[in-house]
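Take a look at the structure set out below.
Because the structure is predicted, anything quoted here is derived from the model rather than measured.
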Amino acid sequence: MPARPLIDLTKWPYLRPAQESDLPAMLEIYRPYVEQTAVSFEYALPTLAEFTQRFHAHTARFPWLVWAEKGEICGYAYAGAPWERTAYGYCAECSVYIKPEQQRRQIGASLYEALEQILTLQGYRLAYALITTENSGSLRFHEALGYAHRTLFPNCGYKFGRWHGVVWMEKQLNPFGAPKAFPASWRSYPVLRHYQPSDCPALEKLFYDTVHTVCAKDYTPEALDAWAPVGARNWNESFLEHRTLVAELDGEIVGFGDADGSYLDRLYVSCRHQRRKIATLLCDALETAMPMETHASLTARPFFEKRGYRVLRRQQVERNGQLLTNFVMKKEEKQ
């Protein structure tokens, strides 16, 4: 795991990094702002190809987040570079768009809070918002979040037969000081977030791949096939019932874990991201009810022992005709 602070998004159950598959829904959210208002100075809605190009250009360095609730993208927020010259490299420009019917639910404020948290971790000093004078609601929104008016460019944009001005607003994120380096790409930071149903196929594949590679040194091929057979596991329901967290790095799901009260149920890390403290990040967030108990495999036992779990008993459980050895382990207090 890169030596970067954790981006912890677990405060918000429906907030996650945007994915390319979200782009059609985000484009539809953007549509009325372009076609019906002067909130955006664009005259025509970008094509999906153009929007995709923007997405990848922004997310190479800056965060782009969505609020996805019950399978619906309700809004999104992203940051970008306000200027191109090198010396401006500590500045970011923020934007947020919410479905009209989902407004006044604090979704925009939550997206901005998370966005600013990430930008602050990256080391950006200033966040800017450029708001058209027609958008009085956005002016009040940014004022409430601590943005200060810096300047007004009157009558700088012409749309729908009228001239519109632009207000520049600014918020300081970090002390200025003498920076040692430019902000690193947000993709180099580990992200911890809540599970969403769209994650299920990726998590089931990660489970299968991890069991059949990482655990191969401790179990026979027959035992591995019994533990993790080919095919879907239909885990979505239990993931939703439990507190399930997902770890991402560079836009890829690299681990997950879930707890049912004081029972730590599943904990798996991608076979390509072992020994990078991902399991530690997940456990730190899941161990909220003490004492904690888990059933650890032969492979996982040393990890849990280092976290203060002790073996209560060794047992064999039957899976698809095979007996698999694991350990009932318990941790009395968080260390």
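- When hydrophobic clusters are built by joining Ile, Leu, Val, Met, Phe, Trp and Tyr residues whose side-chain heavy atoms come closer than 4.5 Å, directly or via intermediates, Leu282 is not grouped with Val214.
- You'll find the side chain of Leu9 reaches within 4.5 Å of the side chain of Pro17, heavy atoms only.
- Of the possible polar contacts, none joining the Thr213 side chain to the Cys271 backbone as a donor-acceptor pair under 3.5 Å is found.
- In this structure, Tyr90 belongs to a hydrophobic cluster whose other members, linked by side-chain heavy atoms under 4.5 Å apart, are Phe182.
- Judged purely by distance below 3.5 Å, without hydrogens or angles, the side chains of Gln322 and Tyr219 never pair a donor atom with an acceptor atom.
- A donor-acceptor pair is defined here as one N or O able to donate and one able to accept, closer than 3.5 Å; no such pair exists between the side chain of Glu42 and the backbone of Val34.
- Applying the side chain to side chain donor-acceptor pair (under 3.5 Å) rule to pairs touching residues 168-180 yields Glu116-Lys171, Tyr128-Glu170, Arg150-Glu170, sequence neighbours excluded.
- When only modelled atom types and interatomic distance are considered, Thr294 and Tyr309 share no side-chain donor-acceptor pair under 3.5 Å.
- Contacts classified as side chain to side chain donor-acceptor pair (under 3.5 Å) and involving residues 70-83 (residues at least two apart or in different chains) are given here: Glu72-Lys99.
- Of the candidates Glu305, Met292, Arg307, Glu305 is the only one forming a side chain to side chain contact (heavy atoms under 4.5 Å, CB included) with Met329.
- Residues Leu152 and Thr133 meet the side-chain proximity criterion, which asks for heavy atoms closer than 4.5 Å.
- In terms of hydrophobic clustering, with Ile, Leu, Val, Met, Phe, Trp and Tyr side chains grouped at heavy-atom distances under 4.5 Å, Val39 and Leu45 are assigned to a common cluster.
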> How far apart are the C-alpha atoms of Glu134 and Arg162, what are their side-chain angles, what is the distance that settles it, and do they pass the salt bridge (charged side-chain N to carboxylate O under 4.0 Å, His left out) test?
Replying inline: CA-CA 11 Å; Glu134 178 178 284; Arg162 292 175 49 207; 3.5 Å; yes
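- Across all their heavy atoms, Gly257 and Leu286 have their closest contact at C-CD1, 3.6 Å.
- Distance check, rounded to the nearest 0.5 Å: CZ of Arg272 to CG of Asp209 gives 9.0 Å.
- With contacts defined as side-chain heavy-atom distances shorter than 4.5 Å, the pair Ile98/Ile29 does not qualify.
- Heavy-atom neighbours of Glu318 CD from other residues, nucleotides or ligands within 6.0 Å: above the threshold of 12.
- No donor-acceptor pair closer than 3.5 Å links the side chain of Gln102 to the backbone N or O of Ile107.
- The ring pair (Phe, Tyr, Trp, His ring centres under 6.0 Å) test with Tyr97 is passed by exactly one of Tyr33, Trp67, Trp64: Tyr33.
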> Can you list the steps and then say if Arg193 with Asp199 is a side chain to side chain contact (heavy atoms under 4.5 Å, CB included)?
Replying inline: CA-CA 11 Å; Arg193 62 171 176 82; Asp199 299 323; 2.9 Å; yes
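- Considering all non-hydrogen atoms of both residues, Glu332 and Pro291 come closest at OE1-CB, 3.8 Å.
- Around the CD atom of Gln53, the shell of radius 6.0 Å holds no more than 12 heavy atoms that belong to other residues, nucleotides or ligands.
- Under the 3.5 Å distance criterion, the side-chain polar atoms of Arg233 are matched with a main-chain donor or acceptor of Pro229.
- Here the CG-OG1 distance, from Asp218 to Thr325, works out to 10.0 Å after rounding to the nearest 0.5 Å.
- Scanning both residues, Leu206 and Val254, for their nearest heavy atoms gives CD1-C, 3.7 Å.
- Leu126 and Phe62 fall into different hydrophobic clusters, where Ile, Leu, Val, Met, Phe, Trp and Tyr are joined by side-chain heavy atoms under 4.5 Å apart, directly or via other members.
- Here Tyr112 and Phe141 bring their ring centres to under 6.0 angstrom of each other.
- Partners of Arg266 under the side-chain contact (heavy atoms from CB on, under 4.5 Å) rule, at least two apart in sequence or in another chain, are Trp235, Ser238, Phe239, His242, Phe256, Asp258, Tyr268.
- A donor-acceptor contact shorter than 3.5 Å is absent between the side chain of Gln122 and the backbone of Ser185.
- In this structure, Tyr14 and Cys74 have side chains that are not in contact, with every pair of non-hydrogen atoms separated by 4.5 Å or more.
- Leu240 is listed as a side-chain neighbour of Pro197, based on a closest heavy-atom distance under 4.5 Å.
- Considering only residues two or more places apart in sequence or on other chains, Arg314 meets the salt bridge (Lys or Arg N to Asp or Glu O under 4.0 Å) condition with none of them.
- In this view, Leu312 and Glu293, Arg310, Val328, Lys330 satisfy the side-chain contact (heavy atoms from CB on, under 4.5 Å) rule, not counting sequence neighbours.
- Asn326 pairs with exactly one of Gln316, His295, Gln315, Arg301 by the side chain to side chain donor-acceptor pair (under 3.5 Å) rule, that one being Gln315.
- For the atom pair CG of Leu264 and SG of Cys283, the computed distance is 5.0 Å after rounding to the nearest 0.5 Å.
- Electrostatic pairing of Glu143 and Arg140 does not count as a salt bridge here, judged by no charged N lying under 4.0 Å from a carboxylate O.
- When all heavy atoms of Ala184 and Arg4 are compared, the pair lying nearest together is CB-NH2, 3.4 Å.
- Side chain of Gln117 to main chain of Asp8: a donor-acceptor pair is present (N/O by atom type, distance under 3.5 Å, no hydrogens or angles).
- Side-chain contact between Asn320 and Trp227 is absent, with no heavy atoms from C-beta onward closer than 4.5 Å.
- Using a 4.5 Å heavy-atom threshold, the side chains of Trp186 and Thr59 count as touching.
- Within the 3.5 Å criterion, the main-chain N or O of Val167 finds no donor-acceptor partner in the side chain of His149.
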> Could you go step by step and tell me if Leu192 and Thr10 meet the side chain to side chain contact (heavy atoms under 4.5 Å, CB included) rule?
Replying inline: CA-CA 7 Å; Leu192 196 64; Thr10 59; 4.1 Å; yes
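- Listed here is the closest heavy atom pair of Ser270 and Thr210: CA-OG1, 3.8 Å.
- Defined by atom type and a distance below 3.5 Å, a donor-acceptor pair is present between the side-chain atoms of His142 and Ser138.
- No continuous path of hydrophobic side-chain contacts links Tyr158 to Phe41 [ILVMFWY only; heavy atoms under 4.5 Å].
- With values rounded to the nearest 0.5 angstrom, Leu203 atom CG is found 8.5 Å from Thr244 atom OG1.
- Separation of atoms CD1 (Ile253) and NE2 (His273) is listed at 12.0 Å; rounding is to 0.5 Å.
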> Yes or no on salt bridge (charged side-chain N to carboxylate O under 4.0 Å, His left out) for Glu113 and Lys11, after CA distance, side-chain angles and deciding distance?
Replying inline: CA-CA 10 Å; Glu113 183 181 351; Lys11 177 180 178 179; 2.6 Å; yes
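- Under the 4.5 Å side-chain criterion, counting only non-hydrogen atoms from C-beta, Tyr147 is in contact with Cys94.
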